[in-house]
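What follows is a short report on a single structure.
We name chains A, B, ... by the order of the sequence lines, and we start the count at 1 in each one.
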2 protein chains.
Amino acid sequence: MQIVNEHRRKDIHNSDIPTVCVACEARHGGVCGTLTPDQLLDLSRHSTRRSIEPGREVVGQGETTDSYANIISGVVKLSKVLADGRQQIVGLQFAPDFMGRPFTRESALTAEAAVDTDICCFPRTVIERLVSEAPGLEHRLHEQALKELDEARDWMLTLGRKTAQEKVASFLYIIATHIDPEQGAAKEFDLPLSRSDIADYLGLTIETVSRQITKLRKDNVIRIENSRHVTVPSLDRLMDVAGID
Amino acid sequence: MQIVNEHRRKDIHNSDIPTVCVACEARHGGVCGTLTPDQLLDLSRHSTRRSIEPGREVVGQGETTDSYANIISGVVKLSKVLADGRQQIVGLQFAPDFMGRPFTRESALTAEAAVDTDICCFPRTVIERLVSEAPGLEHRLHEQALKELDEARDWMLTLGRKTAQEKVASFLYIIATHIDPEQGAAKEFDLPLSRSDIADYLGLTIETVSRQITKLRKDNVIRIENSRHVTVPSLDRLMDVAGID
DNA sequence: AGACGCCTTTGATTTTGATCAAGTCGCCGA
DNA sequence: TCGGCGACTTGATCAAAATCAAAGGCGTCT
């Protein structure tokens, strides 16, 4: 595991106010704005940048989490497994999301990089101290939790009530709009997940995912190259197939 | 809709500190402890008690929510529907949960009483003012959001990866442990949901739910009277069938 | 280049749960 | 007491997705 942790004293000690983490030069998902310059400096001093290759586990289910992290780039899968190995991905986190589970030491999930991912970690003790000092930070974490809750509930509708075809289209829609949130235009992107991951996200098997992707291709809803690179000519068409109003 | 709103000045103006909402005599899911007596009085003055019969909608999907509520007794279903009418229950709220969606005016879901339910409502303006004054209240709301997020993700595993039998057993397990959280003992309770609601919660059809309940009965995992009253002789056995480790 | 391994696709068959279709049960009101 | 109605159950059949099985592509290592 590659650790990069360089604190640039020059940025900190000169007169301009830091608004960006000195360890990773990122804004930490909007948190920076909720902190005073001193608090940001405090946070930055304790932050550690890590690069994670696909498939590497960040936190295992049931392990103690002792850090929070901000995703600088990449995609992280959050998943749960049953005793017999059946697996369900319960959330995807994209930059610049926060990861971490406030106010509990046990992680109920496994977090794993889906593609090459850079994160910036902070010890929970530092975050919890800052939360007690800066109410704006708790508000920011609260908003993140509410966003994840909304996403989880949307996905429950997909898992419980949509057909395989609609599920796959819904997944492509999520990725397409995350990669490039602009409306209207044709979308082109690389899938951050393997067929196996997509199956675990959708509650399907690999074979069903593959067949449904083939069907979307044959129906000209999407184009595919190298099994990972996707073009969506019309997002409206995709939404229609996905059952999104 | 029945409105009960009686403010007992005697409780407020005598010397002892109020720790309980004067409108409904409840503790509002632990919120009371996060407020000063003055703030609690403020909240109580604006609170309104409502009784809701089963099936009545509290807030419709897409409607503006202008109040928060604390569930005094009963069960509330949170659900989402697709354009063609397919429905998914995305959460159940039991007393003394908080309901309401902080920091947004649009409700993405429908909230509906599953059984006779009493709630105590506060206007969002009051809650949001108190949040800005009392950081402990935001913390309390944050914890509620995290609890709902955990429950949603657990349920995603059920929806995506469990069989019909495991789903029904998982549902019974949730109800059993909510009604009576004590470990070990045999559980006996009335189902707060109809077969149709259970189906919408589990992503199944009524018929499948019915067949699986019949099977659990024949396998002596549960006993049933009047199709609503359930006895679970061994919670361990139920957990086993539900695939809960 | 060739061989191995992994991911993906495609095909044949089976299974699970959905759908269609009658019943049954309990409750309420005439 | 009898209908009638809604909620639930049960049975027969069907369809969607899982499973089993066999390729096909693509990158990498030798």
> With a 4.0 Å cut-off on heavy atoms, is A:Leu204 in touch with a base, just the backbone sugar-phosphate, or nothing at all?
Replying inline: sugar-phosphate
>> Quick check: closest heavy atoms across A:Leu204 and B:Arg161, and the distance to 0.1 Å?
In response: O-NH2, 2.9 Å
>> Using only atom types and a distance under 3.5 Å, with no angle test, would you say the side chain of A:Lys162 pairs donor to acceptor with the backbone of A:Ala242?
In response: yes
> Between C:dA18 and B:Thr205, is there an OP1 or OP2 to side-chain N/O distance shorter than 4.0 Å?
Replying inline: yes
>> Rounded to whole Å, how long is the line connecting atom CG of A:Leu216 with atom P of C:dT9?
In response: 12 Å
> C:dT8, C:dT9, D:dT9: which one has an atom nearest the side-chain heavy atoms of A:Thr214?
Replying inline: C:dT9
> Given atom NZ of A:Lys162 and atom P of C:dA18, what is their separation to the nearest angstrom?
Replying inline: 18 Å
> The side chain of B:Arg195 lies closest to which of these nucleotides: C:dG17, D:dA18, D:dT9?
Replying inline: D:dT9
> Rounded to the Å, how far apart are B:Glu166 CD and C:dT16 P?
Replying inline: 12 Å
> Nearest to the side chain of B:Glu207, which nucleotide is it out of D:dC8, C:dT10, C:dC20?
Replying inline: C:dC20
> Just how far, in rounded Å, is C1' of D:dT10 from CD of B:Gln212?
Replying inline: 13 Å
> Looking at B:Arg195 and B:Glu207, does any basic side-chain N land under 4.0 Å from a carboxylate oxygen?
Replying inline: no
>> When you measure from the side-chain N and O atoms of A:Ser210 to the phosphate of C:dT10, is any distance below 4.0 Å, counting only OP1 and OP2?
In response: no
>> So, OP1 or OP2 of D:dA18: does either fall under 4.0 Å of a side-chain N or O from A:Thr208?
In response: yes
> When you match A:Thr163 and B:Ile206 each to their closest nucleotide on DNA chain D, which lands nearer the 5' end?
Replying inline: B:Ile206
> To the nearest Å, how far apart are B:Ile213 CD1 and D:dT9 P?
Replying inline: 6 Å
> How about A:Lys187 and A:Thr231: do any of their side-chain heavy atoms sit closer than 4.5 Å?
Replying inline: no
>> I want to check one thing: is the phosphate of D:dG25, taken as OP1 and OP2, less than 4.0 Å away from some side-chain N or O of A:Ser227?
In response: no
> A:Glu225 has an atom CD; how far is it from atom P of C:dT9, in whole Å?
Replying inline: 14 Å
>> How many whole angstroms separate atom CZ of B:Arg228 from atom C1' of D:dA7?
In response: 9 Å
>> Measure CG/A:Leu202 against P/D:dA16 and give the value in whole Å, please.
In response: 18 Å
> Is a salt bridge present between A:Lys77 and A:Asp200, judged by a nitrogen-to-oxygen distance below 4.0 Å?
Replying inline: no
> Out of C:dT19, D:dC8, C:dT8, which nucleotide sits closest to the side chain of B:Arg211?
Replying inline: C:dT19
